Every structure is written in C-alpha cells, then in structure tokens.
Amino acid sequence: MPCLLRCPACRNYKPHYEKVAKLFNGPDAAHPGIIVMARVDCASKVNVDLCNKFSVDHYPFLVWGPPAKFDSPRWKPKQENSELELIDDGRTAERLLKWINKKMGSSFSLDDKKYENESALPKNASDPEQIVRAIYDVEEATAHAWQIILEHKMIKPETRDSLIRFLQILVSHHPSKRCRRGSADLLINFDDHWHTNISLNSQESSTLLTSVAGDNICGKGVPRGYWMFCRGSKKETRGFSCGLWVLLHSLTVRIGDGESQSTFTSICDFIHNFFICEECRKHFYEMCSSVPVPFKSARDLTLWLWRAHNIVNERLMKEEKDLDTADPSFPKVIWPPKQLCPSCYRSSSRAADGAMQVEWEEDEVFHFLVDYYGKKLVSSYRETSMDSHLLLKKQVGTISDDSSASSAATVPIGAALGVAVASCTFGALACFWRTQQKNRKYYHLRSLKKI
C-alpha cells in the first residue's frame with residue numbers, strides 16, 4: 001500500500017472507518033443495508049475527475065447524503081440547498097458513529113453484533129413500514145436465484161423456454177428498475193449464451209458464470225449477501241425463500257388481466273424447473289396442477305398466490321412445531337394478520353388442533369396485497385433509495401491488498417455515484433429487440449444456405 005504510506009493520517013484513519021462500516025456493510029453486518037459506506041481512492045488516476053468534482057481538498061474527506069445526489073454535476077462543501085453534507089466530526093470510529101446517530105436519530109453501537117442484538121431486528125415482521133425495505137431483498141432474491149441457476153447448470157434445452165418466459169415477466173414487471181434492465185440485457189443476449197437445443201458443458205458453464213454473474217441481473221450498486229425485510233433472527237431462517245415469495249407477490253399485483261394465465265404458467269414452470277428444494281418444488285407444482293380453469297384476471301391470480309402462500313405457511317407451521325425449527329422472532333403466520341388488515345377478516349376462530357380458521361373478505365385482501373406488494377414497494381424504490389444514506393469517503397492511497405476483507409466497499413467512479421437506473425422504455429422494448437435479433441440471425445443463416 002505505497003500511497004497509504006505517504007499519507008499517515010489516512011492510513012491511521014482506515015481502521016476507524018472500517019470499524020463503523022462493518023456495522024452496516026458485509027455479510028456479518030449487524031444493521032445491513034441501512035447505510036452504504038464506500039471509499040474512493042483519490043490517488044488513482046481514474047478517480048481524479050470524480051474527486052475534483054467533489055472539491056476534495058483534504059484527506060480523509062467524508063460526504064453524507066442520498067445515493068442519487070452523488071450523481072450531481074459538481075458539488076462544493078459549502079454549497080447551499082444541497083442534500084449532500086460534509087462530515088466534519090468523524091476522526092474516530094466513536095465520533096463518526098455519534099455523528100451518524102445524531103443525524104438519523106438512531107442508537108447504533110460499535111458493540112452491535114449480527115443476530116445477537118435483538119433490537120437490530122424488526123419487532124414485527126408484518127409492520128407495514130417494514131415492507132419498504134423489501135425492495136433490496138427482492139433484488140437479492142433475484143440475483144441469488146440466477147446464481148443458483150448458473151452454478152447448478154439448470155439451463156437445458158427442455159427448460160430454456162420457461163426461463164425466457166419468466167425473464168419477459170421480470171423485464172416488464174419487476175419492482176426494481178435495475179433488475180428490469182438486467183433482465184432485459186440477459187433476454188436480448190439469451191441466444192448468444194444458450195443456443196437452442198444445446199446444453200453447456202462444465203467449462204462453458206464456468207465461463208458463463210464468470211461473465212454473466214448472478215448479481216449482474218440487478219447491478220452491483222448495492223452490497224449483496226444480506227437480508228433486510230427477510231432477515232431472520234437465526235442465520236438459517238427466512239432469507240432467500242422469503243425474498244422469492246415477495247418477488248412473486250410483487251409480480252402478480254403488477255400484471256394486467258390479459259397476462260394472468262401466462263404469468264401463472266411462467267411462475268409455476270420457473271419454480272418447477274429452477275427452485276433447488278425438491279420437496280418445496282413438488283408441493284408448489286401440486287398446487288399449480290390443482291387449478292381447474294385458466295385465470296381470466298390479475299385479481300384471481302393475485303388471490304391464488306396468496307392462498308397458496310398461506311397453505312405453505314400452515315404446513316410449515318406444523319412441521320416447525322414438531323421439529324422445533326421455527327424462528328422464534330418470526331414464526332409462520334396466516335397472512336395478512338388481523339392487526340395489519342382488520343378489514344380482510346369477516347370472522348376467525350381456532351380449530352380443535354389449534355389451526356386458524358378464517359372467513360376472508362377477499363376484495364379487502366386483494367386491495368391490501370396490491371397496496372402492500374405494489375404501491376409500497378414502488379414507493380420504496382423511488383423514495384426510500386433516495387432517502388437512504390451513503391457515506392462516500394475520499395482518501396488518498398489504494399487499499400488493494402486487503403480490500404476483500406474490508407466492509408467498506410471500494411468503488412470505481414461509476415459505482416460511487418449511486419445505483420444505475422434503467423429506463424422503462426428499454427425494458428418495454430427488450431422482447432421486441434430479442435425478436436429482431438433472432439430474425440436477423442435467421443435471415444443471415446438462410447442467406448448463407450442459399451450461397
């Protein structure tokens with residue numbers, strides 16, 4: 001680390017900054033995702049323009065603000081009416097965290113530990129305000145699903161069409177803009193990676209996994225490897241399955257009536273072909289197969305998935321009780337609970353075996369689901385991501401030898417400026433582009449055959 005040696009102040013400050021960063025970033029974070037802490041090496045030539053843009057005139061230099069605001073043309077520390085703010089009292093880990101707590105009205109402590117600090121967990125997973133955090137878990141679940149698909153070489157001639165159909169739904173209806181863009185990129189280039197009727201061998205799959213990494217489908221702007229809304233009080237609970245359920249619910253409340261049956265088929269095929277838990281896959285597909293007639297409206301599909309989720313929860317409640325594997329802080333419940341949607345209940349009672357029996361007001365349930373998995377998630381991506389706090393540390397020197405062990409993300413110029421946002425037009429045209437691409441290839445091959 002030659003540059004750091006030239007700047008003793010930065011070298012000495014590094015452990016203080018990283019001590020705070022470990023609370024919020026990385027797989028062992030006690031409060032994952034609440035604050036994204038990043039660092040930029042102003043001694044690197046590629047970052048000169050970026051550091052000049054932020055008028056960096058001393059080191060270390062820390063800026064606080066919403067991620068999107070870091071994409072402003074220029075910024076000066078004393079600039080008025082700016083949401084970016086220079087941190088002027090963060091010389092030690094204790095003082096930096098004190099500044100953050102004062103700014104956020106929080107009470108984070110340097111002693112907070114993952115899973116051990118009960119106050120770090122949401123007291124009520126059904127709190128309507130908690131769903132705004134689920135947008136990050138939907139992205140995480142999407143990226144994790146693709147990682148599994150690639151690592152386990154699940155794309156085969158008999159499964160590729162169902163994957164394409166599911167991609168098309170993600171392009172049009174995924175609640176995250178960057179996931180829509182990533183899905184469109186994969187869809188456009190799908191035939192280049194997975195040719196019709198051709199299975200990839202181990203070497204080809206390994207190469208593809210490197211070039212089309214799972215987290216690329218939703219971008220690299222946010223650190224991965226943790227859960228927020230879907231985080232359990234124990235490491236082995238909730239997580240991916242919770243995030244995938246939220247994704248599926250969010251898709252069904254966004255589609256139009258004319259897409260209901262095709263979306264149903266795509267979701268069922270996706271779980272059947274690509275969900276790695278064999279027992280879960282079997283139970284879900286049995287529920288899919290039991291549907292007697294095609295869906296004619298988005299409302300019918302939304303309510304079917306809600307009923308299916310409750311059936312799964314009822315089954316798991318019994319299994320977890322018998323095996324004592326339930327998450328004590330987040331036990332399975334019939335959804336939505338009465339305190340969250342009292343108007344959803346006509347009546348409720350307990351059976352002899354303790355099971356909850358509910359007579360539902362399905363119109364109210366539908367409106368609740370649309371609001372909970374639709375409007376609030378959309379709002380969270382547009383507003384909460386803007387309100388999230390990004391600490392951007394500009395320091396001289398490069399931290400290359402031990403960067404993999406650091407919790408503060410080393411960001412290049414593009415990533416430091418926040419999350420890339422896809423245009424809706426790009427997503428909407430993805431399927432058309434893919435069709436055009438296939439047609440071009442088809443006519444090209446036909447012309448070659450005529451020669």
Side-chain angles (χ1 to χ4, degrees), residues 32-33 36 67-68 131-151 154-155 162-190 193 209 211-230 239-255 259 263 266-267 270-271 274-275 305 372-386 388 414-415 417-431 433-434:
V36 178
I131 191 64
V132 300
R133 308 172 73 198
I135 188 68
Y136 303 107
D137 289 352
V138 171
E139 292 178 335
E140 175 73 20
T142 306
H144 190 65
W146 279 101
Q147 194 75 22
I148 290 173
I149 289 170
L150 293 176
E151 287 181 350
M154 292 179 167
I155 304 177
S162 66
L163 192 57
I164 290 172
R165 289 193 294 271
F166 193 72
L167 265 177
Q168 290 170 339
I169 297 174
L170 297 186
V171 170
S172 300
H173 302 298
H174 199 292
S176 164
K177 291 181 181 179
R178 55 174 166 246
C179 291
R180 291 201 295 271
R181 179 175 185 172
S183 300
D185 286 338
L186 284 173
L187 187 62
I188 291 168
N189 299 299
F190 197 91
H193 295 308
L209 182 60
S211 61
V212 190
D215 61 353
N216 281 349
I217 195 171
C218 292
K220 294 184 177 181
V222 176
R224 299 293 179 193
Y226 58 80
W227 303 96
M228 296 176 65
F229 174 82
C230 288
F240 175 58
S241 60
C242 168
L244 189 59
W245 274 115
V246 176
L247 171 62
L248 298 181
H249 285 298
S250 71
L251 295 176
T252 62
V253 301
R254 286 173 169 78
I255 64 168
E259 303 171 274
T263 300
S266 296
I267 288 175
F270 180 80
I271 298 297
F274 302 108
F275 196 68
L305 187 66
Y372 195 77
Y373 293 108
K375 296 177 183 178
K376 284 188 171 65
L377 270 177
V378 170
S379 174
S380 75
Y381 191 84
R382 185 176 61 248
E383 297 170 6
T384 303
S385 62
M386 296 281 285
S388 297
L417 297 179
V419 177
V421 178
S423 69
C424 296
T425 303
F426 180 79
L429 293 176
C431 299
W433 287 340
R434 181 173 183 274

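Here, residue 1 is the first one in the sequence, and each next residue gets the next number. Computed from a predicted structure; not experimentally measured.
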task: Measure across Ala145 and Phe240 and return the closest heavy-atom pair with its distance rounded to 0.1 Å.
output: N-CE1, 3.9 Å
- request: Please round to the nearest 0.5 Å and tell me the distance separating atom CG of Leu186 and atom CD1 of Ile217.
  value: 5.0 Å
Thr252 to Ile255 - nearest heavy-atom pair and separation: O-CG1, 3.5 Å
field: Inter-residue atom distance Leu305.CG - His249.NE2, 0.5 Å rounding
entry: 4.5 Å
- request: May I ask you to test the Leu167-Trp146 pair for a side-chain heavy-atom distance under 4.5 Å?
  value: yes
- prompt: Quick one: NE2 on His144 to OG1 on Thr142, what's the gap to the nearest 0.5 Å?
  reply: 11.5 Å
task: Take Tyr373 and Val138, measure what side chain to side chain contact (heavy atoms under 4.5 Å, CB included) needs, and give me the verdict at the end.
output: CA-CA 11 Å; Tyr373 293 108; Val138 171; over 6 Å; no
Side-chain heavy atoms of Met154 within contact of Leu163, under 4.5 Å: no
message: Regarding Ser183 and His174, do their side chains bring together a donor and an acceptor under 3.5 Å, going by distance alone?
response: no
- prompt: Atom CZ of Arg254 and atom CD1 of Ile169: how far apart are they, to the nearest 0.5 Å?
  reply: 13.5 Å
Nearest atoms (heavy-atom pairs only) where Ser162 meets Phe274: OG-CE1, 3.7 Å
task: Taking the side chain as every heavy atom from C-beta outward, state whether Ile271 and Leu248 have any atom pair closer than 4.5 Å.
output: yes
- prompt: What are the two closest heavy atoms between Cys230 and Val246, and how far apart are they?
  reply: SG-CG2, 4.3 Å
- prompt: Which atoms form the tightest heavy-atom contact between Phe229 and Asp137, and what is the distance?
  reply: N-OD2, 2.8 Å
message: Quick one, Pro175 and Ile135 - any side-chain contact, counting heavy atoms below 4.5 Å?
response: yes
- request: Could you tell me whether the side chain of Arg165 and the main chain of Phe270 form a donor-acceptor pair under 3.5 Å?
  value: no
- prompt: Which atom names give the shortest non-hydrogen contact between His173 and Arg180, and what distance separates them?
  reply: N-CD, 4.4 Å
